[in-house]
Every structure is written in structure tokens, then in C-alpha cells.
Amino acid sequence: MSNAPAEEIPTADIDLAAANHVIDKYLTLPGNLMPVLQGIQDEYGYVPKPTIDLVAERLNVYPSQIYGVLTFYAQFHLKPRGRFIIRVCVGTACHVQGAPRIVETFFDKLGIGHAETTPDLRFTFEKVACLGACGMAPLAMVNDSTYGSMTVQKVGDIIADYSQRPMKK
Ligand code: FES
């Protein structure tokens, strides 16, 4: 697998119809910037740059204000994300139970690092703080599914499993 993280999709390829539809829905509501940005992220999986210019123009706000919101709230993403988000807990309990080896194995097998996405947009990998299930350490999640007592073997099994799954939701 390539070591290059996913590049941002060329902006010419972004179809703004969905973004316009979201803006239409909230256009007359006061305080509409957050719901508009959330709606756009729901549509595209992230907030593409051309949609930021569109929101600025149609809501009559400065792009810098929009970037301020997008960078303040961790829920927003400015780059494409994978269909499957793999999170590995690196909290204390998971760390002492071997999380660093699990993280390194994911890095090796996926060819990406923390907060990166595979070029085919299948996987995004993130190290995260305590997920609140320390009794299952070391812990990993793929989207909403939890995998406890992680091992190097299980890393391979998880990647093989999700590599077979459809890319469409
Ligand atoms: S430290 Fe990993 S779930 Fe709590």
C-alpha cells in the first residue's frame, strides 16, 4: 500500500449542488452558520474549500470567520475522511496493555500515520484518548464497532474484514 496520505480532491471536482441545497434549507434561520457547516459535512464527509467560499458568499460572512469556526470545533474536517474511521485508544490503561504496538501495526499495514487517510479513502486512522472502556484494554474502534483486548493478529483481521466491505453506506 502507498505511504502517501490522501490528497484533497481537486476543487473542480466538487459538485456544489448539495451544498446549495443545505444553504437553501437554513438560509433564513438566525445563527445558521453551524447547521449549514454541519449539513455540508454530512453531505461530503468533510467541508471542501469551494463550499466555504459558497457559504461565505451566500450567508454574507467572511471566509476567515468560517475557518475560525471550522478550526475551533474538532467535529469539523477540512480534508476527505475514510469510509472507515479506525481509532486506537492510547490512554493510560491501553498504553500499559500494549497500545503502542497496536498503533505501530496499524501504521505499518495501512501505510499511513495518525490523522491520515489512505489514498483510496477507505481508512482514516486516529489515536484517541481514553474511550471509557479500560477493562477491555487495549481498545480499538472502527466507526461504531468496538474491539477489545487488541492484538497484532486482530489488527490484521480487522483490516482484512473492512477491506472487503462496501464503500457505500
Ligand atoms: S485507557 Fe483505553 S479505554 Fe480507557
Side-chain angles (χ1 to χ4, degrees), residues 1-9 18-19 22 26 31-49 51-52 55 65-169:
M1 213 174 280
S2 161
N3 284 328
E7 295 296 324
E8 186 141 5
I9 293 169
V22 170
Y26 296 106
N32 52 9
L33 184 54
M34 283 293 280
V36 162
L37 295 176
Q38 279 162 349
I40 287 173
Q41 180 156 284
D42 288 345
E43 289 291 336
Y44 297 88
Y46 71 112
V47 184
K49 280 196 179 72
T51 69
I52 296 172
V55 170
Q65 282 178 267
I66 300 173
Y67 280 106
V69 170
L70 293 173
T71 51
F72 183 79
Y73 293 99
Q75 74 200 76
F76 290 117
H77 306 288
L78 288 163
K79 286 185 178 170
R81 308 249 299 159
R83 166 75 180 87
F84 302 106
I85 311 296
I86 299 173
R87 297 185 175 93
V88 173
C89 176
V90 293
T92 306
C94 289
H95 183 88
V96 298
Q97 293 292 330
R101 186 138 183 258
I102 302 302
V103 169
E104 286 305 320
T105 306
F106 272 114
F107 284 174
D108 285 350
K109 289 190 180 292
L110 295 174
I112 57 173
H114 168 66
E116 291 182 350
T117 298
T118 54
D120 61 1
L121 299 180
R122 180 169 286 275
F123 296 109
T124 292
F125 182 91
E126 295 174 344
K127 293 191 275 185
V128 294
C130 179
L131 289 164
C134 310
M136 296 166 70
L139 195 71
M141 290 187 74
V142 182
N143 293 356
D144 295 330
S145 300
T146 301
Y147 298 87
S149 305
M150 282 295 298
T151 61
V152 166
Q153 172 67 38
K154 280 189 181 179
V155 171
D157 294 346
I158 287 171
I159 293 173
D161 177 1
Y162 284 89
S163 292
Q164 302 299 321
R165 299 199 187 194
M167 284 292 281
K168 295 266 180 218
K169 285 186 188 174

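As the structure lists them, so they are numbered: ligands from 1, and atoms in each ligand from 1. Heavy atoms only: backbone and side chains are in, while hydrogens, waters and symmetry mates are out.
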Novice: What protein N/O/S atoms lie closer than 2.8 Å to atom 2 (Fe) of ligand 1?
Specialist: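 Result, waters dropped: C89 SG, C94 SG.
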
Novice: Report all side-chain donor-acceptor pairs from residues 90-103 shorter than 3.5 Å, counting only partners two or more places apart or in another chain.
Specialist:
none

Novice: Report the relative orientation of the aromatic rings in F123 and F84; use parallel for angles under 30°, tilted for 30 to 60°, perpendicular for over 60°.
Specialist: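 Taking F84 first and then F123, their aromatic rings sit tilted (interplane angle of 30° to 60°).
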
Novice: For R81 and E126, run side-chain contact (heavy atoms from CB on, under 4.5 Å): C-alpha distance rounded to whole Å, both residues' side-chain angles, the deciding distance at 0.1 Å, then the answer.
Specialist: CA-CA 11 Å; R81 308 249 299 159; E126 295 174 344; 2.5 Å; yes

Novice: Between E43 (side chain only) and A19 (backbone N and O only), is there a donor and an acceptor less than 3.5 Å apart?
Specialist: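 Checking the backbone N and O of A19 against the side chain of E43, no donor-acceptor pair under 3.5 Å is found.
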
Novice: For a quick test of reading the model, state the closest non-hydrogen atom pair linking R122 to R165 and the distance between them.
Specialist: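 Result for this residue pair: NH1-O, 2.8 Å.
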
Novice: Looking at every heavy atom in both P35 and V22, which two are closest together, and how far apart are they?
Specialist: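 Scanning both residues, the minimum pair turns out to be O-CG1, 4.5 Å.
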
